[in-house]
Amino acid sequence: MSEYQPSKIEPKWQAFWEEKKTFKAEIDKSKEKYYVLDMFPYPSGNGLHVGHVENYAGSDIFARYKMAKGFNVLHPMGWDSFGLPTEQYALKTGIHPKEITETNINVFKKQLKNLGLGYDWDRELRTSDPDYYKWTQWIFLQLYNRNLAYIAETPVNWCPELGTVLANEEVQDGKSEVGGFPVIRKPMRQWMLRITEYADRLLDDLDLLDWPESLKEMQRNWIGKSLGAEVDFKIDPDSLDTQANIRVYTTRPDTLFGATYMVLSPEHALVNLITSEEQKAAVETYIKTAATKSDRARSDDSKEKTGVFTGAYAINPVNDTKIPIWIADYVLASYGTGAIMAVPAHDVRDYAFAKKFDLPIIQVVSGGNIEEEAYTGDGLLMNSGLIDGLAVPEAKAKISAWLQEEGLGQKAVNYKLRDWLFSRQRYWGEPFPIILKEDGTHAALPEEMLPLCLPEVEDYKPNAAGEPPLSRAIDWVNAPENGKRETNTMPQWAGSCWYYLRFLDPDNTKMVIDPEKEKYWMPVDLYVGGTEHAVLHLLYARFWHKVLYDCGVVTTKEPFQRIVNQGMILGIAYEYYEEAETKKVLSWKDLSDDLSTLKRTVHADDVRWVVEGDMRKAFHPDHDIELLPLTEKMSKSRGNVVNPDDVIAEFGADTLRMYVMFMGPFEQSKPWDTKSVTGVSRFVNRIWRLVCEGAGLSDKIADGEMDKDTLRVLHKTIKRVSEDTENLRFNTAIAAMMECVNHLYKIDSVPTECVETLTKLLAPYAPHLSEELWERLGHKESIIDAGWPTYNEAFLAVDTIELGVQVMGKVRGTIQIAPDASEEVAVAAAKENETIIPHLEGKTIRRIIYKEGRILNFVVS
RNA sequence: GCCGGAGUGGCGGAAUUGGUAGACGCGUCGGAUUCAAAAUCCGAUGGCUUUGCGGUCGUGCGGGUUCGAUUCCCGCCUCCGGUACCA
């Protein structure tokens, strides 16, 4: 075997690692632990895509690097195997979700192994395994017992297409996150988790974490804490016989004097009570339309405000003015008190509403132009009685104190975060360990009865009465003596809320986790995954972790100390156009406004390349039209998906791993370009040819001392690769190794020691290749045990450097000089330099700026 | 709208605390090797200008600070991600 043949060496080393259990992690208190975690995949039928490769190759490189550095590394993998697509596939095919899951996991696992990822497979778990979900149910019972789980009849996001409800977090633009189906509001009986009780801790503890700022910010925004005041407005006695108040929440109590009307949400409890006879019909119609409108429709209408007058009035407590009460759907029932005081002068929404319905606008903060738009900035209070002339912050403080004294209001805090809608009307999820009793109460299933396994059903659709699929398992439902089983199941997030803990003790049948193991391994030191989980999974998992902390199950406040989001890999397709009527094929160059065209794309593999000068242009394979490259998120419909299996078949896993890392910064999204894989492929081949010859070593590899240059290059490479890998700058680490190899090609003989060191640096990146080289270099053990090289600063030194010489800040030449040369020496050398002399001629040197080893600059006049 | 991030050759991307912009790779051009091609190896490669040395312009745009700005400050533009009537 003289050629580099990844298809031969890669399976060999994968088998080696598996047999030797190279990546098995066990508690070893003599070593420092390091827990690297990947966001575990949902085993879909589509298999692995290059986005997974980016994620897992990155964490694998880092884990192997830490291992080589002597850390006791835990790097596990498992399956988030409950979920909707599997159930939908089961519905279509009649195959049991368990079997579908099994099949998909086998495909995924094989693909992951083909990539040479170093996982401790002995810790493999899947969320749909009863031995696993037993403990998911157990954790639910802890929540239940702490009164953090409750049943509520509330309007929920119902997705008719999916036949289930969705959490707020799962709805985007009024459509389901999975499948993109329309979602409507519908009142239903549901399980809720009191995540709002943890809002402050979830917010405050973000400060403890080493997460990307943008990710923390997303969580902060989602929790959406705001400080303000609640104020009571009396309803005008003429409008209502009994005495009643409308309580509002506001962040701007300073603008109270500018409140010229009030708005209740259509669902507000007082609406029926206060509506006057004349307005009754209009109000009822409005409520009816608002109720049937989906969130989607409501937000579509957000530009145009709607609402109706109730006929009732309230009294502004600060100036006893009578102000009208309206209802409008721009006020949300679920936020604050479901009612607002409207200050049109200083709130854009109130302003739009007041303009539309011709309500009075009174400016109370100076600034802006109230004729044109609402003024939301700072300024001095005006038209505001006791707070006149104060700045906004002072006015807020003073009016709040006054409200408190008068018993009209108090400070209040609000959150955007709502309780977590935790039940789904699905089959393929964890059953609730709950018995619904005949008297309408409910009770926890005793712990000894866990796991409560999913019953078999003949069909995964809801039953005839529209109840969840589990209702079809009549015996199962009616098994408890004094009641029935809950037939909802838990959402997919449940299992992924705590899997990082189970990896530490996957086979424990006695308890959720052995405290000793938790203490040793937690927290997760590095969690790598995509930004798509920035709010959903990460918020839910933090919440459960904090509950477990309160239960004494875990000892860290937070589960994931550091998170890194790998960038998305984008696909390239090449676009052209088709004239709508004639189907004539057009280039982007042929487009004009009066043509009606459809966009079409050509897959990157099918493009015909034409070289023109130093450029290559993309052409349509069958037509003479130039194509425009289009970089987008990979998806089947866009025809720009890259399958990692194909890349492995052509180039090998080591090349794929390195190319994905070499494309650009780990956290940045970047376009996949199959043509560019050749660069990394050549590099891998160059290493192979440098070291290997036939079945053994190349003659070029010989014992002996490294020359000074080679020693310097090698130690510089150690330095750069170590620092870059530590900081997850994999792209520049690979560039450094390329430079090193380029140097080794220039010298006649490469000392063994030099190749060995380079191989160690390469090992996390191209593990199969490195093991093969290491073996050929005469080693019996895995290269993982060979340690990580260190560099010697002394070898990095050079005799002379090329120093840039500037005149007036412009580089005019360079001089060869010792790196630590004195200013006199440098200036003398510069003054003798032919290219610099003309720039100094006839000028007076006013100033000399010399930074040793960096720059020499003459300021002249 | 708001929040976060980014704009550097034909392309992906480098550049430590402000100090020779364009590392590394792709592509392109030239050479070696070959009967020939592929593969491989060596070299060149920001634009304009110059026979050449060189000159000049260049890090989204406009200003500023500085001996010196991709880097710092002010004001814009564009793109990507998130979020959206949260009072």
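Here is the naming used below: chain letters follow the sequence lines, and residue numbers restart at 1 for every chain.
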Task: Between B/rA15 and B/rU34 - C1' atom distance, rounded Å - done: 41 Å
Task: Nearest-neighbour nucleotide for the A/Glu739 side chain, B/rC41, B/rG13, B/rC24 considered - done: B/rC24
Open item on the list: At less than 4.0 Å, is any side-chain N or O atom of A/Gln668 found next to OP1 or OP2 of B/rA6? Yes or no.
Closed with: no
- [ ] Quickly work out the A/Lys670 NZ to B/rG12 C1' distance and round it to whole Å.
- [x] 11 Å
Open item on the list: Can you see whether A/Asp419 engages A/Thr196 through a side-chain donor-acceptor pair at a distance of less than 3.5 angstrom?
Closed with: yes
Task: Nucleotide nearest A/Trp222 when distance is taken to its side chain, options B/rC41, B/rA84, B/rC67 - done: B/rA84
- [ ] Please state the P separation for the pair B/rG10 and B/rG60 - nearest whole angstrom.
- [x] 14 Å
Task: hbond_proxy A/Lys305 side chain to B/rC85 base (donor-acceptor, 3.5 Å cutoff) - done: yes
Open item on the list: Checking A/Asn742 against A/Arg686: is there a side-chain donor and acceptor pair closer than 3.5 Å?
Closed with: yes
Task: Among B/rC42, B/rG54, B/rG55, the nucleotide that comes nearest once only the side chain of A/Arg686 is considered - done: B/rC42
Task: Proximity to the side chain of A/Val331 - top-ranked nucleotide from B/rA87, B/rA15, B/rC41 - done: B/rA87
TODO: Would you mind reading off the distance between A/Phe662 atom CZ and B/rG12 atom P, rounded to a whole angstrom?
DONE: 14 Å
Open item on the list: Aromatic contact between A/Phe353 and A/Tyr261, with the criterion being ring centroids under 6.0 Å apart: yes or no?
Closed with: yes
TODO: Using whole Å, report how far NZ of A/Lys810 lies from P of B/rA21.
DONE: 11 Å
Open item on the list: Tell me whether the NZ or CZ atom of A/Lys700 lies within the 45° cone about the ring axis of A/Tyr745 and under 6.0 Å from its centre.
Closed with: yes
TODO: Would you check if there is a donor-acceptor pair between the side chains of A/Asn565 and A/Thr531 at a distance under 3.5 Å?
DONE: no
Open item on the list: Closest-nucleotide mapping onto RNA chain B: is A/Arg812 or A/Ala736 further toward the 5' terminus? I mean the 5' end.
Closed with: A/Ala736
TODO: Using a heavy-atom cut-off of under 4.0 Å over every strand shown, decide if A/Asn857 touches base, sugar-phosphate, or nothing.
DONE: base
Task: Salt bridge present between A/Glu373 and A/Lys355 (N-O < 4.0 angstrom) - done: no
Open item on the list: Give me syn or anti for B/rG7, where syn covers glycosidic angles within 90 degrees of 0.
Closed with: anti
Task: Rounded distance in Å between the P positions of B/rU56 and B/rA21 - done: 13 Å
TODO: Looking at every strand, decide which applies to A/Asn742 at a 4.0 Å heavy-atom threshold: base, sugar-phosphate, or nothing.
DONE: sugar-phosphate
Task: Distance between P atoms of B/rG68 and B/rG54 (Å, rounded) - done: 24 Å
Task: Distance, rounded to the nearest Å, where A/Ile849 contributes CD1 and B/rC67 contributes C1' - done: 3 Å
Task: Candidates B/rC24, B/rG4, B/rC85 - which lies nearest the side chain of A/Tyr330 - done: B/rC85
TODO: Using the C1' atom on both, measure B/rG9 against B/rG25 and round to a whole Å.
DONE: 14 Å
Open item on the list: Taking only side-chain N and O atoms of A/His346, does any of them lie within less than 4.0 angstrom of OP1 or OP2 on B/rA87?
Closed with: no
- [ ] Find the distance A/Lys216:NZ to B/rG5:P and express it as a whole number of Å.
- [x] 13 Å
Task: Nucleotide B/rC41, atom P - distance to CZ of A/Arg682 in whole Å - done: 8 Å
Task: Nearest-angstrom distance, P atom, B/rC61 to B/rC67 - done: 24 Å
- [ ] State which of B/rC67, B/rG19, B/rA14 makes the closest approach to the side chain of A/Ile855.
- [x] B/rG19
Task: Between P of B/rA87 and CD1 of A/Ile327, the distance in whole Å - done: 22 Å
Task: A/Thr678 side-chain proximity, nearest of B/rC41, B/rC26, B/rG4 - done: B/rC26
Open item on the list: Could you identify the nucleotide paired to B/rG13, looking across every strand shown and requiring Watson-Crick or G-U wobble geometry with both distances under 3.5 Å?
Closed with: none
- [ ] Give the nucleotide from the list B/rC85, B/rA87, B/rG25 with an atom nearest to the side chain of A/Asp329.
- [x] B/rC85
Open item on the list: Salt bridge or not between A/Glu54 and A/Lys670? Use side-chain N to carboxylate O under 4.0 Å.
Closed with: yes
Task: Side-chain donor/acceptor contact of A/Gln806 with base of B/rG19 under 3.5 Å - done: yes
Open item on the list: What I want to find out is whether A/Lys216 reaches A/Asp207 closely enough, with some N-O distance under 4.0 Å, to be called a salt bridge.
Closed with: no
Open item on the list: Taking the C1' atom in each of B/rC42 and B/rG46, what is the distance between them to the nearest angstrom?
Closed with: 23 Å
Task: Span that lies between the C1' atom of B/rA23 and that of B/rG12, in whole angstrom - done: 13 Å
Task: Strand partner of B/rA21, provided both Watson-Crick or wobble distances fall under 3.5 Å - done: none
Task: Base-pairing mate for B/rA44 - Watson-Crick or G-U, with both contacts under 3.5 Å - done: B/rU28
Open item on the list: Counting only side-chain heavy atoms from C-beta out, which of B/rA87, B/rC3, B/rG55 sits nearest to A/Glu217?
Closed with: B/rC3
Task: Rounded distance (Å) that lies between atom C1' of B/rU83 and atom CD1 of A/Ile223 - done: 15 Å
Open item on the list: Taking the nucleotide of RNA chain B with the nearest heavy atom to each, does A/Val811 or A/Lys746 sit closer to the 5' end?
Closed with: A/Val811
Task: Selection from B/rU40, B/rG82, B/rA14 that lies nearest to any side-chain heavy atom of A/Arg689 - done: B/rU40
